[in-house]
Amino acid sequence: NAGVTQTPKFQVLKTGQSMTLQCAQDMNHNSMYWYRQDPGMGLRLIYYSASEGTTDKGEVPNGYNVSRLNKREFSLRLESAAPSQTSVYFCASSPGTGATNYGYTFGSGTRLTVV
Amino acid sequence: AQSVTQPDIHITVSEGASLELRCNYSYGATPYLFWYVQSPGQGLQLLLKYFSGDTLVQGIKGFEAEFKRSQSSFNLRKPSVHWSDAAEYFCAVGARGGSEKLVFGKGTKLTVNP
């Protein structure tokens, strides 16, 4: 009964380094999302995948790339990390079947610091 | 595009007092509306959601919210707050049809005094 699993939970990077944040869900959901949370800014959508094989930009996509590896997994990559990308990153999934099933399940987050 | 405003950044209440957290949304039609709660260092947990029908919705932990179309509001309420309710609360809005992506407000941090 894991739900949405994110790894790692904490990471410190040096400016210019790259890394991939992993996300996996075991609820057979069609849609997956990556958000970043910054103090006073709420959650802002980086990228999302409405269904396997598709990805789309959200509100703040610059500096990030994503891969929907299969129905379960949706990864977020930082190619060249910058201090402005210091944030808490949340992955979420939703059924993607509309109407009353609409709603997210969130992972526990990845706290990333770029120095 | 939809948007959400939570006018109160921080609210302090005494334990046992009533609570109302405000949420106003902007969307051209009737949206899907949600309230999430985030305890320190944790992910977000769904409190309740509104899709259609009865405008007063009940959620977990004794919370309720009322959808008021005329005011574009979806305020969260609880009759008697417990110390364990101290957390940050996020209102979110989703569009009907198409992608299920949500737009979140900036959050309201709730402090509960003993």
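Residue numbers begin at 1 in each chain, while the letters A, B, ... track the order of the sequences. Small disclaimer: the values here were computed from a predicted structure and weren't measured.
The stretch residues 61-92 of chain A places A:Phe90 near chain B, each with some heavy atom under 4.5 Å from a heavy atom of that chain. Within residues 8-16 of chain A, no residue approaches chain B closer than 4.5 Å by heavy atoms. Listed in order of number, the residues of residues 28-51 of chain A that approach chain B to under 4.5 Å between heavy atoms are A:Tyr33, A:Tyr35, A:Gln37, A:Gly40, A:Met41, A:Gly42, A:Leu43, A:Leu45, A:Tyr48. For residues 104-114 of chain B, a heavy-atom distance under 4.5 Å to chain A picks out B:Phe104, B:Gly105, B:Lys106, given by residue number.
Placement of B:Ile60 and B:Val37 within a single hydrophobic cluster is found when ILVMFWY residues are connected by side-chain heavy-atom separations under 4.5 Å, directly or transitively. Both B:Trp35 and B:Val103 are assigned to one and the same hydrophobic cluster, defined by single-linkage of ILVMFWY side chains at heavy-atom distances under 4.5 Å. In the hydrophobic clustering of this structure, B:Val93 groups with B:Tyr50; members are Ile, Leu, Val, Met, Phe, Trp, Tyr whose side-chain heavy atoms approach within less than 4.5 Å, directly or through other members. The hydrophobic clustering, which links ILVMFWY residues whose side-chain heavy atoms are closer than 4.5 Å, places B:Leu47 and B:Tyr32 apart. Both B:Leu33 and B:Leu19 sit in one connected hydrophobic cluster of ILVMFWY residues. Membership requires side-chain heavy atoms under 4.5 Å apart, directly or through other members.
Using a 4.5 Å cut-off between heavy atoms, B:Gln38 touches chain A through its side chain atoms alone. Neither the backbone nor the side chain of B:Ile9 comes within contact range of chain A; no heavy atoms are under 4.5 Å apart.
Between B:Tyr36 and A:Phe106 the shortest side-chain heavy-atom distance falls below 4.5 Å.
A distance-only check finds no donor-acceptor pair linking the side chain of A:Tyr104 to the backbone of B:Leu44 [under 3.5 Å].
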